[in-house]
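To start, the structure under review is shown below, and the notes come after it.
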Amino acid sequence: MRMEPADQANFIKSHLGPAFEKAKLGTKIVIWDHNWDEPYFPIQILTDPEASKYIAGSAFHGYAGEVSSQQKVHDLFPNKDIYFTESSGGNWAPDFAGSLKWDMQNLIIGSTRYFAKTVLKWNLALDELNGPKNGGCPNCRGFVKIDQKTGAISYNPEYYSFGHASKFIRAGAYRIDSNTLGSGNIEDVAFRNPDGSEVLIAFNSAAERRKFKVQRGNKSFFYTLPAGAAATFVWTGEKRSTK
C-alpha cells in the first residue's frame, strides 16, 4: 500500500502521534521503511515540524537505490535516527562471494557508516523449501536452512557476513571514526563496545590480495586479506562514559 509523504505526515501529526501521546506510549514512530531510491520521502515528512516532533527517525530497505541515500537524510536531520530494517538474500543470488561482498559493502560497513543504528535481514531460519511461506517472497533465504526431515543445518552467506558484526559488536555499542579507502581497496567500520573494547571490521573489495596497516593510537599491526575476504579485529580498552 503506497502512502505519499503528505499523507503520511498528516496521519502522524493528526492521528498517530497524538494518539501515542495521549496513551503515554513510548513506542517509536519510524517513517518511510522502504528502499534507498526515494530519500525525498522521509525528507518531505521531516520538513513538517508538526509531524517531525513525533518521529524518531527514518527506516530503509536495500532492494533499490544506493546506501549513501541515508547520508542525505542524516545531513538534513542529524537529530533523527536512521535504521536499516530489511533486505534478503535469495535464490536469485546463488554466488557466495558476491552475496558476502554485497552485504559487507552495503549493510555491515556501508549502512552503519551512513548512520544506521540497526541492520536487519528478512529471515533468520527457513526450511529446505524456503518456508514456511505466508504469501510473501517465495525464494528468499534465511541465515540458515534447516532440513525438516533430517534436522541438518546449512549456513548461507548472510550467516557469515552478519557474523562479522553480531559476534563481536555488543548491544549499546557506538560506531567510532575510522578511515576507509573506498571501492577497490580495504573498506572498514569500527565500533566501541560498552565495556571499552573496540571492534574493527575490514573487507577487501579488490580483485587481489591487499596488505594494510591498522593503527590505534601509538600501536599498529599489518594484516593481509585475500580478494573478497573479510576479517574482524577486537582489542580491549577502557570503559568510557557515553554521557
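Basis for what follows: all heavy atoms, side chains included, without hydrogens, waters or symmetry-related copies.
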ask   = Quick one: ring-ring contact (aromatic ring centres under 6.0 Å, His included) partners of Phe203, sequence neighbours excluded?
value = none
ask   = Could Lys211 and Phe222 be counted as a cation-pi pair, given that NZ or CZ must be under 6.0 Å from the ring centre and within 45° of the axis?
value = yes
task = Assess whether ring pair (Phe, Tyr, Trp, His ring centres under 6.0 Å) is satisfied between Tyr114 and Trp36, documenting all intermediate values.
result = CA-CA 12 Å; Tyr114 287 118; Trp36 290 319; 9.1 Å; no
query = For Asn193, what residues pass the side chain to side chain contact (heavy atoms under 4.5 Å, CB included) criterion, not counting sequence neighbours?
reply = Ile169, Arg170, Ala173, Asp195, Ser197, Val199
key: Phe212 and Phe233 aromatic ring geometry - parallel, tilted or perpendicular at 30°/60° bounds   = perpendicular
Lys145/Glu158 ion pair, N-O < 4.0 Å = no
ask   = Once the angle between the rings of Phe221 and Trp235 is folded into 0 to 90°, is it parallel (under 30°), tilted (30 to 60°) or perpendicular (over 60°)?
value = perpendicular
task = Just jot down the side chain to side chain contact (heavy atoms under 4.5 Å, CB included) partners of Glu21, sequence neighbours excluded, or say none.
result = Tyr54
inquiry  = Ring-plane angle category for Tyr159 and Tyr155, please: parallel below 30°, perpendicular beyond 60°, tilted otherwise.
reply    = tilted
key: Lys149/Glu128 salt bridge by N-O under 4.0 Å criterion   = no
key: Test ring-ring contact (aromatic ring centres under 6.0 Å, His included) applied to Tyr40 - qualifying residues, sequence neighbours left out   = none
remark   = side chain to side chain contact (heavy atoms under 4.5 Å, CB included) filter on Ile176, not counting sequence neighbours, yields Ala190, Arg192, Glu198
remark   = Glu66 meets the side chain to side chain contact (heavy atoms under 4.5 Å, CB included) criterion, sequence neighbours left out, with Ser68
